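Right, one structure below, let's go through it.
Positions are given from 1, in the same order as the sequence printed here. Since the structure is predicted, the reported quantities are computational estimates derived from the model, not experimental observations. Note that these values count all heavy atoms, side chains included, but never hydrogens, waters or copies made by symmetry.
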Amino acid sequence: MTLGYLLDEWSAAHQVEETTRASYRLLIESFIRPVLGDTPISRLCRLGPRPFEQLYAQLRVCRRRCHGWEFIEHRTPRPHECDERCAEHVCKPLALSSVRQCHAVLSGALSAAKRWGWITVNPLEAAQRPRMPQPQPDPPSPGEAAKIASAAWEQDEDWGTLVWLTLVTGGAELRDEAFLFSYSPDSLRPCDPSAITHRYARMTAKLGLRTHPHALRHYSATELLAAGIDLRTVAGRLGHGGGGSTTLKVYAAWVAGADKKAAGLIASGLPRPPHPPPQPQ
């Protein structure tokens, strides 16, 4: 039984949203199956985590796993006449978040195989999961945020409302049935996230800004923290669990700044010592 067969069986039985299923299929067909799909899972169990960790390392160097070869990267595998879009291959690493998703897919499939009695040992239990770097939020400045909101309102009312609400609320998740923004007349279908991302990128590019929609969430959080709003309140508005531990991890620098501001505020209301403390000899 090959890993490819296991992935097909696991994908069919795994209960997830259709958008998540589609992203899993893309990772499987683009990055996992071409490398390990024909390998029997019994052999992978004997080899342990090494083949998987090697795959992760290769993808982090080049998503095409070129191994340093020079070749023409064609725009399509179908017969065609080459133009400027068919150029010499340039290595582009697969995003670390996507590599971690590959690990999640493989781990889920192999865990299912163990539950089903197809294998006795999950080789990924000993594998080193790719680590995410420390988050580095890059929110727009207040002036840039004002430009973004104004440009969004100028385009149309719905788009302006979406951008403005994200700036103000941080983009907390809504219930599944509450599609406040939708491209369908009956509002039964949510907006496509990729379409929002592309529209936002076009708008901000015209303003001379290099930013992305998630930075609006960072803007809301950092402005609240800089204003001295407590960590638990900010975490609740962002939809973070753990009593603020996730918020603290992501926005540690702004929390420290807010703490310094709070200390200064308390000190400003206290009387100063009548004489400066003596300096040590």
Side-chain angles (χ1 to χ4, degrees), residues 1-67 92-136 171-177 190 192-194 197 214 217 235 238-250:
M1 186 185 303
T2 65
L3 179 64
Y5 179 80
L6 169 61
L7 290 169
D8 290 337
E9 292 295 305
W10 174 78
S11 298
H14 195 48
Q15 298 298 316
V16 291
E17 296 289 337
E18 284 305 313
T19 53
T20 303
R21 188 185 306 279
S23 67
Y24 284 174
R25 296 304 306 176
L26 178 63
L27 293 172
I28 291 172
E29 299 304 326
S30 300
F31 307 114
I32 300 176
R33 194 186 299 275
V35 184
L36 300 173
D38 293 333
T39 308
I41 56 175
S42 57
R43 173 173 171 76
L44 291 172
C45 290
R46 291 195 301 271
L47 293 174
R50 187 163 181 257
F52 304 101
E53 292 183 356
Q54 285 179 325
L55 173 61
Y56 304 155
Q58 292 168 2
L59 292 174
R60 288 297 295 145
V61 174
C62 178
R63 59 192 302 146
R64 295 290 298 273
R65 299 176 56 254
C66 68
H67 302 289
K92 294 180 181 179
L94 186 64
L96 184 54
S97 59
S98 297
V99 177
R100 286 168 61 89
Q101 283 187 318
C102 287
H103 176 83
V105 168
L106 288 165
S107 181
L110 288 166
S111 295
K114 186 176 179 180
R115 289 196 310 272
W116 298 338
W118 293 2
I119 55 177
T120 57
V121 176
N122 182 349
L124 273 184
E125 290 178 352
Q128 185 174 10
R129 183 185 181 190
R131 293 183 179 180
M132 289 292 288
Q134 182 68 23
Q136 298 292 334
E173 293 186 5
L174 303 174
R175 295 173 61 87
D176 290 343
E177 64 269 25
D192 181 6
S194 61
T197 300
H214 198 71
R217 180 176 171 87
L238 295 175
H240 286 167
S245 59
T246 301
T247 311
L248 178 61
K249 179 180 178 181
V250 177

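Taking each heavy atom of Leu3 and Ile32 in turn, the nearest pair found is CD2-CG2, 4.3 Å. When all heavy atoms are compared, the tightest approach of Phe31 to Leu55 is O-CD1, 3.8 Å. Scanning all heavy atoms of the two residues, the minimum distance from Pro34 to Ser30 falls at CG-O, 3.7 Å. Between Asn122 and Ile119, the shortest heavy-atom distance links the atoms CA-CD1, 4.3 Å. When all heavy atoms of Cys45 and Val121 are compared, the closest pair comes out as SG-O, 3.4 Å. Scanning both residues, Arg60 and Leu96, for their nearest heavy atoms gives NH1-N, 3.3 Å.
A distance of 9.5 Å separates CG in Leu248 from OG1 in Thr246, rounded to the nearest 0.5 Å. Going from atom OG1 of Thr247 over to atom NE2 of His240 covers 5.0 Å, rounded to the nearest 0.5 Å. Separating the CD atom in Gln54 from the CG atom in Leu47 is a distance of 9.0 Å, to the nearest 0.5 Å. The distance from the NZ atom of Lys249 to the OG atom of Ser245 is 9.0 Å, given to the nearest 0.5 Å. With rounding to the nearest 0.5 Å, the separation of CH2 in Trp118 from OG in Ser42 is 13.0 Å. Taken from CZ in Phe52 to CG in Leu124, the straight-line distance is 4.5 Å, to the nearest 0.5 Å.
The pair Glu53-Arg50 fails the salt-bridge criterion, with no side-chain N (NZ, NE, NH1 or NH2) lying under 4.0 Å from an Asp/Glu carboxylate O. Salt-bridge annotation for Glu29 and Arg25: present, with a side-chain N of the basic residue lying under 4.0 Å from a carboxylate O of the acidic one. Between Arg43 and Asp38 there is no salt bridge, since no side-chain N of the basic residue sits under 4.0 Å from a carboxylate O of the acidic one.
Within the 4.5 Å cutoff, side-chain heavy atoms of Pro123 are placed close to those of Leu110. Within the 4.5 Å cutoff, side-chain heavy atoms of Val105 are placed close to those of Ile28. Between Lys92 and Arg64, every side-chain heavy-atom pair lies at or beyond the 4.5 Å cut-off. In this structure, the side chains of Pro93 and Val61 stay at 4.5 Å or more apart for every pair of heavy atoms. Residues Asp8 and Arg33 are in side-chain contact: their nearest non-hydrogen atoms beyond the backbone lie under 4.5 Å apart.
With Tyr56 as the partner, the side chain to side chain donor-acceptor pair (under 3.5 Å) test is satisfied by one option alone out of His103, Arg100, Gln128: His103.
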- [ ] Go through the steps to decide whether Trp10 and Tyr5 satisfy the test side chain to side chain contact (heavy atoms under 4.5 Å, CB included), and finish with yes or no.
- [x] CA-CA 9 Å; Trp10 174 78; Tyr5 179 80; over 6 Å; no

Open item on the list: Set out, in order, the CA-CA distance, both residues' side-chain angles and the distance that settles side chain to side chain contact (heavy atoms under 4.5 Å, CB included) for Glu125 and Lys114, then state yes or no.
Closed with: CA-CA 11 Å; Glu125 290 178 352; Lys114 186 176 179 180; 3.2 Å; yes

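The backbone N or O of Leu7 sits less than 3.5 Å from a side-chain atom of Ser11, completing a donor-acceptor pair. Using a distance-only test at 3.5 Å, with no hydrogens or angles considered, a donor-acceptor pair links the side chain of Arg217 to the main chain of Leu238. Between the side chain of Ser23 and the main chain of Thr20, a donor-acceptor pair closer than 3.5 Å is present. Not a single donor-acceptor pair under 3.5 Å links the side chain of Ser98 to the backbone N or O of Leu94.
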